[in-house]
There are 2 protein chains.
Amino acid sequence: MTARPNAALTVDLVVLTVRADELQVLLVRRGIPPFEGAWALPGGFVGAEETLLAAAGRELEEETGFGPEQVHVEQVGTYGDPGRDPRGRVVTVVHLALLPDPGVPRAGTDAAEADWRPVRGVESGAVPLAFDHARLLADALERARAKLEYSPLATAFCPPEFTVADLRRVYETVWGVPLDPRNFHRKVTAAPGFVEATGRTRTERGRPAQLFRRGDARVLHPPLVRERPAAGGDGG
Amino acid sequence: MTARPNAALTVDLVVLTVRADELQVLLVRRGIPPFEGAWALPGGFVGAEETLLAAAGRELEEETGFGPEQVHVEQVGTYGDPGRDPRGRVVTVVHLALLPDPGVPRAGTDAAEADWRPVRGVESGAVPLAFDHARLLADALERARAKLEYSPLATAFCPPEFTVADLRRVYETVWGVPLDPRNFHRKVTAAPGFVEATGRTRTERGRPAQLFRRGDARVLHPPLVRERPAAGGDGG
DNA sequence: ACAAAAGTGTTTCAACTACACCCATGG
DNA sequence: CCATGGGTGTAGTTGAAACACTTTTGT
């Protein structure tokens, strides 16, 4: 064992969901110093025999009750500036987690409180965050928004079975732009491996919608680009 | 100081360049155990008061003589599986560095030897790497290839002043496909902020080529997609 | 019948590939 | 002059945005 520890290693989580037509992030109110009482991203120290992904999955389950099998989790970056944590050299590996609307979260062990907050308010600075968590959140959000275009990531916000309209609402919420339902439908069903029909349907209002589950594609060909202000008339 | 160190933190570098019409990676032959005598990515432990980027820049300078001001360096991911290093819990933050053809590298302090190796041979497994470095390299390469499409990253492989043909050769080498020089020229000069004309020219054979420097764009609109087999006749 | 949402067909525009062609230099 | 590479013009094709229209349900 010639490698002596020189840093305290943690994982922090940017847990996102779409609820009430808004993109929301899971925050915890810190129950212990430093930054006692402030909102922060959930996270904690990495165990001695734990992989980084396992540590992230464990924290996720502590805060939300969702296991990592049901949730998309990926690493987004590592932050280790000396001075980012007053307790010493704390290096954190930030993970992005996406899940369908889960209802109320469970509070973690060292968190007095945990709650979903609209991303808009946090991004605007109206809800200040502890440590450098505002930056971690901003970087993770940028990653999530970009990845919607070329990966089937958006399905991670949907329950196991969902309609094309459900999926469209995810894009509209995360990007903050309206999309044409008809063109969106075509793009989604045309991209191989994006979604897979179950054969079942669901009726809420109007014509019943087909139900889909996630496909096995890891990238989208062609990507789902945001519609740009282009011309184009009507025929018919 | 309530946060006790629980991991040894290192940075590893995937340093890429284009030389002799090949994508090449900087490897060091390990001079000390473990894996003594094997090829590995350059890297080392992070200093107590050093940021991760600064540590990567320091290692880069030790191995290549290039300072971080002249080189593109970005973080790509962090690897911390217990057992990835026999010396104990060693967590490494991998950085990708791109530079123009530098000539011969300087060997680092704990490296008996350092050398540029064609990526092809390393990716194919012909040159085995120490630790989990084959995986770190593969992930970094995937990142680099993808980022060429939508970012001006390719200019990092070019000297401060370069021609459009220089830039095209970078793409052709990294992607391994030939590109139409005429369409490439148009795409590059049409993307705002990609390159900036210096007004000077350089003559090697044929008509003199304009010299450009890097522009200030961080993303490319539109992206430089690989040409696909499409139809299209010739007119005129 | 009417409203509402799902899903299809078609027009029109924009972007891109492929290639002819012109430009500027060295030998 | 010719060879070589830089750079521009343009036709045919693909793909996507816009939107009329049809389908299938609930009330």
Side-chain angles (χ1 to χ4, degrees), chain A residues 21 148-150 158 161-172 175 177-192 194-212 220-236, chain B residues 21 149-150 158 161-172 175 177-192 194-213 220-236:
Chain A
D21 282 328
L148 286 202
E149 291 202 13
Y150 61 90
C158 297
E161 298 208 335
F162 54 89
T163 67
V164 174
D166 291 338
L167 190 60
R168 178 168 46 83
R169 269 166 225 126
V170 167
Y171 277 91
E172 291 179 330
W175 283 347
V177 297
L179 298 173
D180 185 305
R182 299 156 292 184
N183 291 335
F184 183 85
H185 183 277
R186 226 174 332 218
K187 287 184 188 179
V188 166
T189 51
F194 190 4
V195 297
E196 204 173 292
T198 63
R200 284 208 292 269
T201 62
R202 191 177 71 199
T203 305
E204 273 169 3
R205 288 175 303 287
R207 172 172 168 178
Q210 283 187 74
L211 283 168
F212 295 85
L220 258 34
H221 290 298
L224 238 77
V225 201
R226 296 185 224 190
E227 295 175 12
R228 280 168 303 166
D234 179 41
Chain B
D21 283 328
E149 291 204 11
Y150 62 87
C158 297
E161 298 209 335
F162 54 89
T163 67
V164 174
D166 291 338
L167 190 59
R168 177 166 49 82
R169 268 165 224 127
V170 168
Y171 277 90
E172 292 179 330
W175 283 347
V177 296
L179 298 173
D180 185 305
R182 298 157 292 183
N183 292 335
F184 183 85
H185 183 276
R186 225 175 330 217
K187 288 183 189 182
V188 166
T189 51
F194 191 4
V195 297
E196 204 172 293
T198 63
R200 285 209 292 268
T201 62
R202 191 178 71 199
T203 305
E204 274 170 0
R205 288 176 302 287
R207 172 173 168 178
Q210 282 187 75
L211 283 168
F212 295 85
R213 56 175 155 265
L220 258 34
H221 290 297
L224 240 78
V225 202
R226 295 184 224 192
E227 294 175 14
R228 282 166 302 167
D234 179 40

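Each chain gets a letter, A, B and so on, in the order the sequences are listed, and its residues count up from 1.
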Task: Between D:dT25 (P) and A:Leu211 (CG): distance, integer Å - done: 14 Å

Open item on the list: Can you see if the side chain of A:His185 gets near the phosphate of C:dA6 - specifically, an N or O under 4.0 Å from OP1 or OP2?
Closed with: no

Task: Gap between atoms CZ and P, on A:Arg200 and C:dA6 respectively (whole Å) - done: 18 Å

Task: A:Arg168 side chain, from C-beta outward: closest of C:dA18, C:dA6, D:dA17 - done: C:dA6

TODO: With side chain to side chain contact (heavy atoms under 4.5 Å, CB included) as the test, would you mind laying out the steps for B:Asp166 and B:Arg202 before giving the verdict?
DONE: CA-CA 11 Å; B:Asp166 291 338; B:Arg202 191 178 71 199; 2.9 Å; yes

- [ ] Quick one: do B:Lys187 and B:Leu179 satisfy side chain to side chain contact (heavy atoms under 4.5 Å, CB included)? Show the steps, please.
- [x] CA-CA 11 Å; B:Lys187 288 183 189 182; B:Leu179 298 173; over 6 Å; no

Open item on the list: If I take atom CD in residue B:Glu204 and atom C1' in nucleotide C:dT25, what distance separates them, rounded to the nearest angstrom?
Closed with: 13 Å

Task: d(CG, A:Asn183; P, C:dT10) in whole Å - done: 15 Å

Open item on the list: Could you measure the distance from the CZ atom of A:Arg169 to the OG1 atom of A:Thr163? Nearest 0.5 Å is fine.
Closed with: 6.0 Å

- [ ] Tell me which of A:Arg186 and A:Ala209 sits closer to the 5' end of DNA chain C, going by the nucleotide each one is nearest to.
- [x] A:Ala209

Open item on the list: Quick check on side-chain contact (heavy atoms from CB on, under 4.5 Å): which of A:Phe184, A:Phe212, A:Phe194 does A:Thr189 satisfy it with?
Closed with: A:Phe212

Open item on the list: Distance check needed: C:dT8 P versus A:Phe184 CZ, whole Å only.
Closed with: 15 Å

Task: Any B:Gln210 side-chain N or O less than 4.0 Å from OP1/OP2 of D:dG7 - done: yes

Open item on the list: Nearest to the side chain of B:Asp180, heavy atoms from C-beta on, is which of C:dA24, C:dA18, C:dA6?
Closed with: C:dA18

Task: Side-chain N,O (A:Lys187) to OP1/OP2 (D:dG15) below 4.0 Å - done: no

Open item on the list: In whole Å, I'd like the distance from the CZ atom of B:Arg202 to the C1' atom of D:dG5.
Closed with: 12 Å

TODO: Please work out if A:Pro181 contacts a base, only the sugar-phosphate, or nothing of the nucleic acid, heavy-atom cut-off 4.0 Å.
DONE: nothing

Task: Along DNA chain C (nearest heavy atom to each residue), the more 5'-positioned of A:Val164 and B:Thr203 - done: A:Val164

TODO: State which of D:dG6, D:dA16, D:dT25 makes the closest approach to the side chain of A:Pro208.
DONE: D:dT25

- [ ] Find the distance A:Arg207:CZ to D:dT25:P and express it as a whole number of Å.
- [x] 8 Å

Task: Euclidean distance, atom CZ of residue A:Phe212 to atom P of C:dA6 [Å, nearest integer] - done: 11 Å

Open item on the list: Quick check for you: among C:dC19, D:dA20, D:dG7, whose closest atom lies nearest to any side-chain atom of A:Arg182?
Closed with: D:dA20

- [ ] Measure the spacing between CG of A:Asp180 and CZ of A:Arg186 and express it to the nearest 0.5 Å.
- [x] 8.0 Å

